[in-house]
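Below: one structure, written as C-alpha coordinates.
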Amino acid sequence: MATTKTTVDRLRAFVGQSVTLEGWVYKTRGSGKIVFLIVRDGTGLCQCVVEKNDETASFFETAKKLSQESSLEVTGDVLADERSVGGFELKVSHVRVVQSAADYPITPKPHGIDFLMKHRHLWFRSHRQWHILRVRATVVDQIRRFFNDDGYVLIDTPIFAPAACEGSQTLFQVDYFGDPVYLAQTGQLYLEAACMSHRKVYCFGPTFRAEKSKTRRHLTEFWMVEPEIAYASLSDVIDVSEAFICSIVERVLRDNKDDLVALGRNLDELCAVQKPFVRMTYSEAADILRGPKAKELLERDLEEKTARIGELDAKIDELDATAKGGGKQWQKDKASAEAIDCREERSELEEQVRNIPHHLELAANFEWGSDLGGSDETIISRLHDRPVAVTHYPKAVKAFYMREDRNDDRLAECFDLLAPQGFGEIIGGSAREEDLDRLVARMKHENLPIEDYEWYLDLRRYGSVPHGGFGLGVERTVAWICGLKHIRETIPYARMMGKFYP
RNA sequence: UCCCCGAUAGCUCAAUUGGCAGAGCGAGCGGCUGUUAACCGCUAGGUCGUAGGUUCGAGUCCUACUCGGGGAGCCA
(Lines give C-alpha, C1' and ligand atoms only; values in the text may rest on other atoms or scores of the structure.)
Protein backbone atom coordinates (compact mmCIF):
# COMPACT_ATOMS: atom_id res chain seq x y z
CA MET A 1 0.00 0.00 0.00
CA ALA A 2 1.72 3.18 -1.21
CA THR A 3 1.03 5.97 1.24
CA THR A 4 2.63 9.20 2.35
CA LYS A 5 2.64 10.71 5.79
CA THR A 6 1.34 14.26 5.73
CA THR A 7 -0.60 16.83 7.70
CA VAL A 8 -4.07 18.29 7.28
CA ASP A 9 -2.84 21.69 6.11
CA ARG A 10 -1.15 20.01 3.08
CA LEU A 11 -4.01 17.79 1.94
CA ARG A 12 -4.68 19.97 -1.10
CA ALA A 13 -1.54 18.62 -2.75
CA PHE A 14 -2.60 15.01 -2.28
CA VAL A 15 -6.09 14.84 -3.80
CA GLY A 16 -6.54 11.42 -5.38
CA GLN A 17 -3.60 9.90 -3.46
CA SER A 18 -3.46 7.78 -0.34
CA VAL A 19 -1.99 9.51 2.73
CA THR A 20 -1.57 8.84 6.42
CA LEU A 21 -2.50 11.41 9.07
CA GLU A 22 -1.37 11.27 12.69
CA GLY A 23 -3.74 12.94 15.08
CA TRP A 24 -6.53 12.82 17.62
CA VAL A 25 -10.26 12.25 17.39
CA TYR A 26 -11.94 15.66 17.72
CA LYS A 27 -15.50 14.44 17.23
CA THR A 28 -17.24 11.36 15.92
CA ARG A 29 -20.60 10.74 14.35
CA GLY A 30 -21.79 7.37 13.37
CA SER A 31 -24.57 5.54 11.73
CA GLY A 32 -24.97 1.81 11.30
CA LYS A 33 -22.60 1.31 8.44
CA ILE A 34 -20.69 4.58 8.19
CA VAL A 35 -18.55 6.46 10.69
CA PHE A 36 -17.40 10.08 10.44
CA LEU A 37 -14.24 10.83 12.40
CA ILE A 38 -13.27 14.48 12.66
CA VAL A 39 -9.52 14.21 13.18
CA ARG A 40 -7.32 17.08 14.30
CA ASP A 41 -3.58 16.83 13.84
CA GLY A 42 -2.34 20.19 15.11
CA THR A 43 -2.50 21.81 11.69
CA GLY A 44 -6.25 21.60 11.15
CA LEU A 45 -9.34 19.42 11.10
CA CYS A 46 -10.17 16.71 8.57
CA GLN A 47 -13.24 14.54 8.28
CA CYS A 48 -12.30 10.90 7.84
CA VAL A 49 -15.05 8.65 6.53
CA VAL A 50 -15.09 4.94 7.32
CA GLU A 51 -17.63 2.92 5.35
CA LYS A 52 -18.48 -0.61 6.32
CA ASN A 53 -17.27 -2.97 3.59
CA ASP A 54 -14.87 -5.88 3.08
CA GLU A 55 -11.81 -3.64 3.03
CA THR A 56 -12.67 -2.00 6.37
CA ALA A 57 -14.17 -5.05 8.07
CA SER A 58 -11.11 -5.63 10.27
CA PHE A 59 -11.25 -2.22 11.94
CA PHE A 60 -14.77 -0.88 11.35
CA GLU A 61 -16.05 -1.76 14.80
CA THR A 62 -12.92 -0.23 16.37
CA ALA A 63 -13.41 2.99 14.41
CA LYS A 64 -17.05 3.12 15.38
CA LYS A 65 -16.21 3.00 19.07
CA LEU A 66 -13.36 5.50 18.99
CA SER A 67 -13.80 8.04 21.78
CA GLN A 68 -13.12 11.76 21.76
CA GLU A 69 -9.37 12.59 21.88
CA SER A 70 -8.17 9.05 21.26
CA SER A 71 -4.91 9.27 19.31
CA LEU A 72 -4.69 7.49 16.00
CA GLU A 73 -3.04 7.06 12.62
CA VAL A 74 -5.48 7.07 9.80
CA THR A 75 -4.78 6.19 6.17
CA GLY A 76 -6.96 6.80 3.17
CA ASP A 77 -7.53 8.48 -0.19
CA VAL A 78 -7.84 12.26 -0.17
CA LEU A 79 -11.02 13.60 -1.75
CA ALA A 80 -12.11 17.16 -2.27
CA ASP A 81 -15.56 17.44 -0.72
CA GLU A 82 -17.40 20.63 0.13
CA ARG A 83 -19.48 18.93 2.81
CA SER A 84 -16.33 18.44 4.87
CA VAL A 85 -14.62 20.91 7.22
CA GLY A 86 -11.67 22.39 5.37
CA GLY A 87 -12.96 21.15 2.03
CA PHE A 88 -11.12 17.80 2.00
CA GLU A 89 -11.83 14.43 3.48
CA LEU A 90 -10.20 11.05 3.79
CA LYS A 91 -11.85 7.87 2.53
CA VAL A 92 -10.35 5.60 5.15
CA SER A 93 -8.56 2.38 4.24
CA HIS A 94 -6.77 1.80 7.54
CA VAL A 95 -6.93 2.95 11.15
CA ARG A 96 -4.34 2.34 13.85
CA VAL A 97 -5.28 3.40 17.36
CA VAL A 98 -2.25 4.82 19.18
CA GLN A 99 -4.03 5.21 22.50
CA SER A 100 -7.68 4.92 23.36
CA ALA A 101 -8.93 7.79 25.53
CA ALA A 102 -11.75 7.23 28.00
CA ASP A 103 -14.12 9.87 29.35
CA TYR A 104 -12.44 12.98 27.95
CA PRO A 105 -13.71 15.75 30.23
CA ILE A 106 -14.25 18.55 27.72
CA THR A 107 -17.27 17.72 25.61
CA PRO A 108 -18.57 19.56 22.54
CA LYS A 109 -21.20 21.11 24.83
CA PRO A 110 -20.66 24.36 26.77
CA HIS A 111 -18.58 24.42 29.96
CA GLY A 112 -18.07 26.94 32.71
CA ILE A 113 -14.89 29.01 32.80
CA ASP A 114 -13.68 27.60 36.12
CA PHE A 115 -13.93 24.06 34.80
CA LEU A 116 -12.12 25.01 31.60
CA MET A 117 -9.33 26.84 33.42
CA LYS A 118 -8.76 23.80 35.64
CA HIS A 119 -8.51 21.72 32.48
CA ARG A 120 -6.29 24.16 30.63
CA HIS A 121 -3.89 21.35 29.74
CA LEU A 122 -6.72 19.80 27.69
CA TRP A 123 -8.59 22.99 26.77
CA PHE A 124 -5.68 23.82 24.41
CA ARG A 125 -7.06 21.22 22.05
CA SER A 126 -10.37 23.01 21.59
CA HIS A 127 -10.67 24.85 18.36
CA ARG A 128 -11.12 28.36 19.69
CA GLN A 129 -8.09 28.09 21.97
CA TRP A 130 -6.06 26.70 19.10
CA HIS A 131 -6.86 29.81 17.01
CA ILE A 132 -6.10 32.25 19.82
CA LEU A 133 -2.68 30.81 20.61
CA ARG A 134 -1.76 30.81 16.93
CA VAL A 135 -2.49 34.55 16.86
CA ARG A 136 -0.42 35.01 20.01
CA ALA A 137 2.52 33.23 18.39
CA THR A 138 2.34 35.59 15.41
CA VAL A 139 2.12 38.65 17.65
CA VAL A 140 5.18 37.52 19.62
CA ASP A 141 7.11 36.81 16.45
CA GLN A 142 6.24 40.21 15.00
CA ILE A 143 7.28 41.94 18.21
CA ARG A 144 10.77 40.44 17.94
CA ARG A 145 10.94 40.97 14.20
CA PHE A 146 9.91 44.63 14.38
CA PHE A 147 12.70 45.52 16.78
CA ASN A 148 15.34 43.19 15.39
CA ASP A 149 14.75 44.51 11.85
CA ASP A 150 15.04 48.11 13.03
CA GLY A 151 18.42 47.92 14.71
CA TYR A 152 17.35 47.35 18.31
CA VAL A 153 19.58 45.18 20.48
CA LEU A 154 17.84 42.63 22.69
CA ILE A 155 18.81 43.09 26.33
CA ASP A 156 17.58 40.42 28.72
CA THR A 157 16.84 42.09 32.03
CA PRO A 158 16.84 40.21 35.32
CA ILE A 159 13.76 38.61 36.81
CA PHE A 160 15.14 38.77 40.37
CA ALA A 161 15.19 42.46 41.19
CA PRO A 162 16.64 43.98 44.35
CA ALA A 163 14.14 46.76 44.87
CA ALA A 164 10.92 48.24 43.76
CA CYS A 165 10.88 50.04 40.46
CA GLU A 166 7.42 51.46 40.71
CA GLY A 167 5.82 50.57 44.01
CA SER A 168 6.51 47.76 46.43
CA GLN A 169 2.99 46.72 47.36
CA THR A 170 2.49 45.07 44.00
CA LEU A 171 5.64 42.95 44.05
CA PHE A 172 6.07 39.25 44.69
CA GLN A 173 8.74 38.77 47.31
CA VAL A 174 11.11 35.81 47.01
CA ASP A 175 13.65 34.50 49.50
CA TYR A 176 17.06 34.86 47.85
CA PHE A 177 19.53 33.00 50.09
CA GLY A 178 18.07 34.81 53.07
CA ASP A 179 17.69 38.22 51.42
CA PRO A 180 14.36 39.48 50.13
CA VAL A 181 14.28 40.10 46.41
CA TYR A 182 11.33 40.72 44.12
CA LEU A 183 10.09 39.30 40.85
CA ALA A 184 10.58 41.98 38.23
CA GLN A 185 7.59 44.03 37.23
CA THR A 186 9.55 45.91 34.57
CA GLY A 187 12.98 45.81 33.00
CA GLN A 188 12.93 49.49 32.24
CA LEU A 189 15.58 50.87 34.58
CA TYR A 190 18.03 48.21 33.39
CA LEU A 191 17.15 49.05 29.80
CA GLU A 192 17.85 52.72 30.37
CA ALA A 193 21.41 51.73 31.28
CA ALA A 194 21.71 49.53 28.19
CA CYS A 195 20.39 52.14 25.77
CA MET A 196 23.32 54.37 26.72
CA SER A 197 25.50 51.63 25.23
CA HIS A 198 23.46 50.44 22.23
CA ARG A 199 21.24 53.45 21.55
CA LYS A 200 18.14 51.34 20.71
CA VAL A 201 17.38 48.34 22.94
CA TYR A 202 14.43 46.23 24.02
CA CYS A 203 13.60 43.54 26.51
CA PHE A 204 10.89 40.94 26.22
CA GLY A 205 9.84 38.52 28.88
CA PRO A 206 7.49 37.68 31.71
CA THR A 207 6.56 40.30 34.26
CA PHE A 208 5.04 39.80 37.69
CA ARG A 209 2.56 41.98 39.52
CA ALA A 210 0.99 41.06 42.84
CA GLU A 211 -2.01 43.29 42.25
CA LYS A 212 -5.07 41.97 43.96
CA SER A 213 -7.29 42.61 41.01
CA LYS A 214 -9.73 40.13 39.55
CA THR A 215 -10.75 41.68 36.27
CA ARG A 216 -10.74 40.78 32.62
CA ARG A 217 -7.62 42.88 32.05
CA HIS A 218 -5.28 41.52 34.76
CA LEU A 219 -2.88 38.64 35.18
CA THR A 220 -0.24 38.24 37.90
CA GLU A 221 2.22 36.92 35.32
CA PHE A 222 2.15 38.46 31.89
CA TRP A 223 4.50 39.17 29.00
CA MET A 224 5.71 42.63 28.27
CA VAL A 225 7.99 44.05 25.60
CA GLU A 226 9.80 47.27 26.42
CA PRO A 227 11.86 49.29 23.95
CA GLU A 228 14.13 52.06 25.19
CA ILE A 229 15.73 54.63 22.90
CA ALA A 230 18.53 57.14 23.54
CA TYR A 231 18.19 60.67 22.16
CA ALA A 232 14.42 60.19 21.80
CA SER A 233 11.72 62.67 22.71
CA LEU A 234 8.22 61.77 23.83
CA SER A 235 6.99 62.42 20.31
CA ASP A 236 9.66 60.07 18.89
CA VAL A 237 8.60 57.34 21.29
CA ILE A 238 4.94 57.70 20.34
CA ASP A 239 5.95 57.49 16.66
CA VAL A 240 7.67 54.18 17.37
CA SER A 241 4.62 52.83 19.20
CA GLU A 242 2.42 53.75 16.25
CA ALA A 243 4.62 52.01 13.70
CA PHE A 244 4.95 49.05 16.07
CA ILE A 245 1.21 48.54 16.62
CA CYS A 246 0.52 48.95 12.90
CA SER A 247 3.13 46.33 12.04
CA ILE A 248 1.61 43.83 14.48
CA VAL A 249 -1.94 44.35 13.21
CA GLU A 250 -0.83 44.19 9.59
CA ARG A 251 1.13 41.00 10.16
CA VAL A 252 -1.74 39.24 11.95
CA LEU A 253 -4.16 40.29 9.22
CA ARG A 254 -1.74 38.83 6.67
CA ASP A 255 -0.86 35.56 8.41
CA ASN A 256 -3.82 34.77 10.65
CA LYS A 257 -6.88 35.98 8.78
CA ASP A 258 -8.48 32.52 9.02
CA ASP A 259 -7.95 32.45 12.77
CA LEU A 260 -9.48 35.89 13.19
CA VAL A 261 -12.47 34.92 11.07
CA ALA A 262 -12.93 31.72 13.08
CA LEU A 263 -12.88 33.83 16.24
CA GLY A 264 -15.54 36.11 14.78
CA ARG A 265 -13.32 39.19 14.80
CA ASN A 266 -14.49 42.21 12.84
CA LEU A 267 -11.68 42.62 10.30
CA ASP A 268 -12.74 46.08 9.14
CA GLU A 269 -12.07 47.44 12.60
CA LEU A 270 -8.54 46.02 12.48
CA CYS A 271 -7.94 47.31 8.95
CA ALA A 272 -8.80 50.79 10.23
CA VAL A 273 -5.74 50.69 12.50
CA GLN A 274 -3.53 53.00 10.45
CA LYS A 275 -1.17 55.84 11.12
CA PRO A 276 -1.56 58.48 12.39
CA PHE A 277 -3.19 57.53 15.67
CA VAL A 278 -5.18 60.08 17.63
CA ARG A 279 -3.08 62.12 20.07
CA MET A 280 -4.56 64.18 22.84
CA THR A 281 -3.29 65.53 26.09
CA TYR A 282 -4.59 64.45 29.45
CA SER A 283 -6.22 67.87 29.84
CA GLU A 284 -8.02 67.48 26.51
CA ALA A 285 -9.16 64.01 27.55
CA ALA A 286 -10.48 65.46 30.80
CA ASP A 287 -12.46 68.06 28.83
CA ILE A 288 -13.95 65.31 26.66
CA LEU A 289 -14.96 63.33 29.73
CA ARG A 290 -16.71 66.32 31.23
CA GLY A 291 -18.22 67.39 27.92
CA PRO A 292 -21.37 66.50 25.98
CA LYS A 293 -19.81 63.75 23.85
CA ALA A 294 -19.06 61.48 26.78
CA LYS A 295 -22.48 62.11 28.24
CA GLU A 296 -24.19 61.38 24.94
CA LEU A 297 -22.19 58.17 24.51
CA LEU A 298 -23.14 56.86 27.92
CA GLU A 299 -26.76 57.92 27.67
CA ARG A 300 -27.08 56.28 24.27
CA ASP A 301 -25.44 53.21 25.81
CA LEU A 302 -27.97 53.19 28.59
CA GLU A 303 -30.84 53.39 26.09
CA GLU A 304 -29.42 50.72 23.78
CA LYS A 305 -28.56 48.35 26.57
CA THR A 306 -31.93 48.76 28.26
CA ALA A 307 -33.62 48.09 24.93
CA ARG A 308 -31.45 45.02 24.40
CA ILE A 309 -32.40 43.70 27.83
CA GLY A 310 -36.06 44.03 26.83
CA GLU A 311 -35.36 42.10 23.62
CA LEU A 312 -33.54 39.41 25.56
CA ASP A 313 -36.40 39.07 28.05
CA ALA A 314 -38.80 38.44 25.19
CA LYS A 315 -36.40 36.04 23.52
CA ILE A 316 -35.80 34.12 26.74
CA ASP A 317 -39.54 33.69 27.27
CA GLU A 318 -39.88 32.45 23.72
CA LEU A 319 -36.96 30.03 24.05
CA ASP A 320 -38.23 28.72 27.38
CA ALA A 321 -41.60 28.05 25.76
CA THR A 322 -39.89 26.17 22.93
CA ALA A 323 -37.73 24.23 25.38
CA LYS A 324 -40.76 23.12 27.37
CA GLY A 325 -43.15 22.63 24.50
CA GLY A 326 -43.45 19.91 21.90
CA GLY A 327 -41.08 19.42 19.02
CA LYS A 328 -37.87 17.52 18.46
CA GLN A 329 -35.63 16.91 21.43
CA TRP A 330 -32.64 18.57 19.73
CA GLN A 331 -34.73 21.67 19.04
CA LYS A 332 -35.71 21.90 22.69
CA ASP A 333 -32.11 21.29 23.68
CA LYS A 334 -30.89 24.01 21.36
CA ALA A 335 -33.53 26.40 22.67
CA SER A 336 -32.57 25.89 26.28
CA ALA A 337 -28.86 26.26 25.46
CA GLU A 338 -29.66 29.52 23.65
CA ALA A 339 -31.71 30.65 26.63
CA ILE A 340 -28.66 30.14 28.86
CA ASP A 341 -26.59 32.33 26.55
CA CYS A 342 -29.29 34.98 26.56
CA ARG A 343 -29.51 34.95 30.34
CA GLU A 344 -25.75 35.36 30.57
CA GLU A 345 -25.80 38.29 28.16
CA ARG A 346 -28.73 39.79 30.06
CA SER A 347 -27.06 39.62 33.46
CA GLU A 348 -23.90 41.14 31.97
CA LEU A 349 -25.92 43.97 30.44
CA GLU A 350 -27.82 44.51 33.66
CA GLU A 351 -24.54 44.96 35.50
CA GLN A 352 -23.36 47.41 32.85
CA VAL A 353 -26.62 49.33 33.04
CA ARG A 354 -26.29 49.51 36.82
CA ASN A 355 -22.77 50.91 36.39
CA ILE A 356 -23.54 53.52 33.72
CA PRO A 357 -24.89 56.17 36.12
CA HIS A 358 -21.72 55.75 38.17
CA HIS A 359 -19.56 56.06 35.06
CA LEU A 360 -21.52 59.14 34.00
CA GLU A 361 -20.87 60.67 37.36
CA LEU A 362 -17.17 59.76 37.31
CA ALA A 363 -16.76 61.29 33.86
CA ALA A 364 -18.83 64.41 34.53
CA ASN A 365 -17.05 65.13 37.79
CA PHE A 366 -13.62 64.20 36.53
CA GLU A 367 -11.12 66.33 38.35
CA TRP A 368 -7.85 67.47 36.83
CA GLY A 369 -5.11 65.69 38.74
CA SER A 370 -6.48 62.21 39.18
CA ASP A 371 -5.63 59.27 36.95
CA LEU A 372 -7.99 58.11 34.22
CA GLY A 373 -10.12 55.22 35.50
CA GLY A 374 -11.06 52.15 33.51
CA SER A 375 -14.44 53.56 32.55
CA ASP A 376 -12.82 56.86 31.53
CA GLU A 377 -10.39 55.04 29.24
CA THR A 378 -13.28 53.11 27.75
CA ILE A 379 -15.13 56.32 26.93
CA ILE A 380 -12.11 57.92 25.26
CA SER A 381 -11.24 54.84 23.24
CA ARG A 382 -14.82 54.21 22.14
CA LEU A 383 -15.08 57.72 20.73
CA HIS A 384 -12.37 56.81 18.18
CA ASP A 385 -11.92 54.08 15.59
CA ARG A 386 -8.14 53.93 15.91
CA PRO A 387 -5.78 53.86 18.88
CA VAL A 388 -5.60 56.98 21.01
CA ALA A 389 -2.42 58.24 22.71
CA VAL A 390 -3.25 60.24 25.82
CA THR A 391 -0.21 62.33 26.76
CA HIS A 392 1.04 64.67 29.49
CA TYR A 393 -0.62 63.30 32.63
CA PRO A 394 -0.17 65.12 35.93
CA LYS A 395 3.21 63.96 37.16
CA ALA A 396 1.82 63.29 40.63
CA VAL A 397 -0.05 60.20 39.39
CA LYS A 398 2.86 58.88 37.36
CA ALA A 399 6.16 57.16 38.10
CA PHE A 400 9.18 59.04 39.43
CA TYR A 401 11.39 58.43 36.38
CA MET A 402 9.09 60.24 33.94
CA ARG A 403 10.40 63.47 32.48
CA GLU A 404 8.96 66.66 33.84
CA ASP A 405 7.36 68.85 31.17
CA ARG A 406 9.69 71.87 30.84
CA ASN A 407 6.72 74.07 29.84
CA ASP A 408 4.45 73.06 32.71
CA ASP A 409 6.01 71.51 35.78
CA ARG A 410 2.72 69.93 36.85
CA LEU A 411 2.94 67.50 33.91
CA ALA A 412 4.95 64.42 33.00
CA GLU A 413 6.02 63.71 29.44
CA CYS A 414 4.26 60.39 29.23
CA PHE A 415 1.59 58.61 27.23
CA ASP A 416 -0.85 55.76 27.47
CA LEU A 417 -1.98 54.13 24.26
CA LEU A 418 -5.61 53.06 24.33
CA ALA A 419 -6.78 50.36 21.94
CA PRO A 420 -10.02 51.17 20.12
CA GLN A 421 -13.51 49.70 20.68
CA GLY A 422 -13.14 50.19 24.40
CA PHE A 423 -10.33 47.70 24.97
CA GLY A 424 -8.36 50.18 27.01
CA GLU A 425 -4.67 50.60 27.76
CA ILE A 426 -2.19 48.39 25.93
CA ILE A 427 0.89 50.61 26.15
CA GLY A 428 2.31 52.90 28.81
CA GLY A 429 5.41 54.94 28.08
CA SER A 430 7.30 58.15 28.64
CA ALA A 431 10.33 60.28 28.13
CA ARG A 432 12.65 59.68 31.11
CA GLU A 433 13.94 62.41 33.35
CA GLU A 434 17.54 62.95 32.29
CA ASP A 435 18.36 65.77 34.71
CA LEU A 436 20.03 64.48 37.89
CA ASP A 437 18.78 67.23 40.21
CA ARG A 438 15.17 66.98 39.07
CA LEU A 439 15.26 63.18 39.33
CA VAL A 440 16.74 63.18 42.84
CA ALA A 441 14.26 65.81 44.00
CA ARG A 442 11.41 63.71 42.69
CA MET A 443 12.74 60.55 44.34
CA LYS A 444 13.09 62.33 47.66
CA HIS A 445 9.56 63.60 47.31
CA GLU A 446 8.38 60.01 46.87
CA ASN A 447 10.54 58.78 49.78
CA LEU A 448 12.46 56.36 47.58
CA PRO A 449 15.69 54.93 49.06
CA ILE A 450 18.21 56.91 47.00
CA GLU A 451 21.10 54.65 48.03
CA ASP A 452 19.48 51.69 46.25
CA TYR A 453 19.33 53.68 43.04
CA GLU A 454 22.91 54.95 42.89
CA TRP A 455 23.63 52.88 39.81
CA TYR A 456 20.56 54.37 38.14
CA LEU A 457 21.62 57.90 39.06
CA ASP A 458 25.05 57.21 37.53
CA LEU A 459 23.28 57.22 34.17
CA ARG A 460 22.49 60.90 34.79
CA ARG A 461 26.06 61.64 35.90
CA TYR A 462 27.93 60.17 32.95
CA GLY A 463 26.71 61.45 29.62
CA SER A 464 23.01 61.77 30.37
CA VAL A 465 20.83 62.30 27.31
CA PRO A 466 17.10 62.61 26.64
CA HIS A 467 15.68 59.13 26.19
CA GLY A 468 12.43 57.28 26.47
CA GLY A 469 10.50 54.11 25.84
CA PHE A 470 7.33 52.21 26.49
CA GLY A 471 5.96 48.85 27.58
CA LEU A 472 3.38 46.83 25.67
CA GLY A 473 1.31 44.12 27.34
CA VAL A 474 1.22 41.10 25.03
CA GLU A 475 -1.96 39.56 26.45
CA ARG A 476 -3.98 42.75 26.27
CA THR A 477 -2.79 43.23 22.71
CA VAL A 478 -3.75 39.68 21.71
CA ALA A 479 -7.14 40.04 23.42
CA TRP A 480 -7.80 43.23 21.51
CA ILE A 481 -6.69 41.81 18.16
CA CYS A 482 -8.72 38.61 18.67
CA GLY A 483 -11.72 40.55 20.01
CA LEU A 484 -11.79 38.64 23.32
CA LYS A 485 -13.37 40.18 26.34
CA HIS A 486 -11.03 38.44 28.80
CA ILE A 487 -7.24 38.10 28.58
CA ARG A 488 -7.06 34.74 30.36
CA GLU A 489 -7.37 32.86 27.07
CA THR A 490 -4.50 34.73 25.42
CA ILE A 491 -1.72 33.14 27.49
CA PRO A 492 -1.08 29.38 27.54
CA TYR A 493 -1.18 29.10 31.33
CA ALA A 494 -2.89 32.05 32.97
CA ARG A 495 -1.73 33.08 36.42
CA MET A 496 -4.34 35.12 38.22
CA MET A 497 -5.10 36.06 41.76
CA GLY A 498 -5.80 32.76 43.52
CA LYS A 499 -5.15 30.65 40.41
CA PHE A 500 -1.99 28.75 39.57
CA TYR A 501 -3.16 25.30 38.40
CA PRO A 502 -2.25 23.61 36.19
C1' U B 1 -9.74 45.72 50.60
C1' C B 2 -14.91 47.02 49.01
C1' C B 3 -19.69 46.14 46.09
C1' C B 4 -22.97 42.70 43.13
C1' C B 5 -24.09 37.56 41.54
C1' G B 6 -23.59 32.38 42.04
C1' A B 7 -22.57 27.04 44.08
C1' U B 8 -27.96 20.91 42.63
C1' A B 9 -25.38 14.14 38.57
C1' G B 10 -18.62 13.82 35.36
C1' C B 11 -20.41 18.68 32.40
C1' U B 12 -24.30 22.65 31.37
C1' C B 13 -28.61 23.82 33.76
C1' A B 14 -34.12 23.06 35.78
C1' A B 15 -37.16 22.30 40.16
C1' U B 16 -44.41 25.43 39.69
C1' U B 17 -41.28 30.30 44.98
C1' G B 18 -41.30 25.90 51.95
C1' G B 19 -44.22 19.96 50.26
C1' C B 20 -41.78 12.74 46.68
C1' A B 21 -34.48 15.89 43.40
C1' G B 22 -35.32 16.43 37.12
C1' A B 23 -33.60 17.17 31.75
C1' G B 24 -29.92 17.36 28.03
C1' C B 25 -24.90 16.33 27.07
C1' G B 26 -21.10 12.86 28.38
C1' A B 27 -20.55 7.27 29.74
C1' G B 28 -22.58 1.99 28.69
C1' C B 29 -25.87 -1.20 25.51
C1' G B 30 -28.95 -1.60 20.99
C1' G B 31 -30.74 0.63 16.04
C1' C B 32 -29.81 3.64 11.56
C1' U B 33 -24.88 4.41 4.83
C1' G B 34 -23.61 11.48 4.21
C1' U B 35 -23.50 13.28 9.37
C1' U B 36 -22.19 18.96 10.46
C1' A B 37 -23.73 20.51 18.55
C1' A B 38 -26.86 14.25 14.03
C1' C B 39 -31.06 11.23 15.44
C1' C B 40 -34.23 7.07 17.97
C1' G B 41 -34.80 3.39 22.27
C1' C B 42 -32.94 1.49 26.97
C1' U B 43 -29.30 1.52 31.44
C1' A B 44 -26.21 3.46 35.22
C1' G B 45 -25.16 8.02 37.61
C1' G B 46 -27.02 12.60 43.85
C1' U B 47 -24.53 13.62 51.58
C1' C B 48 -28.36 19.81 46.71
C1' G B 49 -20.43 23.89 48.59
C1' U B 50 -19.42 23.54 54.40
C1' A B 51 -21.32 24.44 59.48
C1' G B 52 -25.24 26.14 62.32
C1' G B 53 -30.39 28.12 62.76
C1' U B 54 -36.01 28.86 61.76
C1' U B 55 -40.01 25.17 60.61
C1' C B 56 -44.43 19.60 61.21
C1' G B 57 -41.35 19.83 56.81
C1' A B 58 -35.54 23.38 53.76
C1' G B 59 -32.29 22.57 47.28
C1' U B 60 -35.67 26.77 48.41
C1' C B 61 -35.82 31.22 54.24
C1' C B 62 -31.79 33.31 58.05
C1' U B 63 -26.38 33.60 59.86
C1' A B 64 -21.23 32.52 59.28
C1' C B 65 -17.50 30.43 56.38
C1' U B 66 -15.20 28.32 51.80
C1' C B 67 -14.80 28.46 46.62
C1' G B 68 -16.01 30.65 41.87
C1' G B 69 -17.79 34.69 38.40
C1' G B 70 -18.32 40.01 37.42
C1' G B 71 -17.03 44.99 38.81
C1' A B 72 -14.30 49.11 41.73
C1' G B 73 -9.42 50.66 43.17
C1' C B 74 -4.45 49.79 40.80
C1' C B 75 -2.27 48.70 36.35
C1' A B 76 0.21 46.45 30.79
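Throughout, protein chains are lettered first and strands after them, A, B, ... in sequence-line order, and every chain is numbered starting at 1. Note that the structure is predicted; figures quoted are calculated from it, not measured.
- An OP1 or OP2 oxygen of G70(B) is reached within less than 4.0 angstrom by a side-chain nitrogen or oxygen of His486(A).
- A72(B) and U16(B) have their P atoms separated by 34 Å, with the value rounded to a whole Å.
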Sequence neighbours left out, cut at 3.5 Å: what donor-acceptor pairs do the side chains of residues 411-423 of chain A make with other protein atoms?
| from | atom 1 | to | atom 2 | distance (Å) |
| --- | --- | --- | --- | --- |
| Glu413(A) | OE1 | Arg403(A) | NH1 | 3.4 |
| Glu413(A) | OE2 | Arg403(A) | NH1 | 2.9 |
| Asp416(A) | OD2 | Tyr393(A) | OH | 3.3 |
| Asp416(A) | OD2 | Lys398(A) | NZ | 3.4 |

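- Rounded to whole Å, atom P of G31(B) lies 21 Å from atom CZ of Arg29(A).
- When heavy atoms are screened at a 4.0 angstrom cut-off, Glu226(A) is found touching no nucleic acid atom at all.
- If you check distances only, the side chain of Arg476(A) does reach the base of C75(B) with a donor-acceptor pair under 3.5 Å.
- Within 4.0 Å of Ile113(A), counting heavy atoms only, lie sugar-phosphate atoms of the nucleic acid but no base atom.
- At the heavy-atom level, His119(A) lies nowhere under 4.0 Å from the strands shown.
- Along RNA chain B, the nucleotide nearest to Val49(A) and the one nearest to Ile427(A) differ in position, and the one closer to the 5' end is contacted by Val49(A).
- Leu472(A) comes within contact range of no nucleotide atom at all, as no heavy-atom separation falls under 4.0 Å.
- Across all strands, Leu219(A) comes closer than 4.0 Å to base atoms (heavy-atom distances).
- As judged by a 4.0 angstrom heavy-atom cut-off over every strand, Asp416(A) is placed among residues making no nucleic acid contact.
- Nucleic acid contact class of Lys27(A) (heavy atoms, under 4.0 Å, all strands): sugar-phosphate only.
- Put simply, Lys214(A) has no side-chain N or O that comes within less than 4.0 Å of OP1 or OP2 on C5(B).
- Between Gln188(A) atom CD and C75(B) atom P the separation is 14 Å, expressed in whole Å.
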Point to revise | Stepwise salt bridge (Lys or Arg N to Asp or Glu O under 4.0 Å) test for Glu475(A) and Arg136(A) | key: CA-CA 8 Å; Glu475(A) 289 74 21; Arg136(A) 180 191 170 97; 2.9 Å; yes
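- Taking only side-chain nitrogens and oxygens, Arg217(A) never comes nearer than 4.0 Å to OP1 or OP2 of G73(B).
- As judged by a 4.0 angstrom heavy-atom cut-off over every strand, Phe36(A) is placed among the base-contacting residues.
- For a distance-only test at 3.5 Å, the side chain of His218(A) qualifies as a donor-acceptor partner of the base of C75(B).
- At a cut-off of 3.5 angstrom, the base of U36(B) holds no donor-acceptor pair with the side chain of Gln47(A).
- Gly424(A) comes within 4.0 angstrom of no nucleic acid atom, judged by non-hydrogen atoms across all strands.
- Rounded to whole Å, the distance from NZ on Lys91(A) to P on U35(B) is 17 Å.
- Side-chain contact annotation: Gln68(A) with Thr107(A), donor-acceptor N/O pair under 3.5 Å absent.
- No salt bridge links Arg442(A) with Glu433(A); every basic N to acidic carboxylate O contact stays at or beyond 4.0 Å.
- At the heavy-atom level, Lys499(A) lies under 4.0 Å from the strands shown only through sugar-phosphate atoms.
- There is a side-chain donor-acceptor pair under 3.5 Å between Arg120(A) and Gln129(A).
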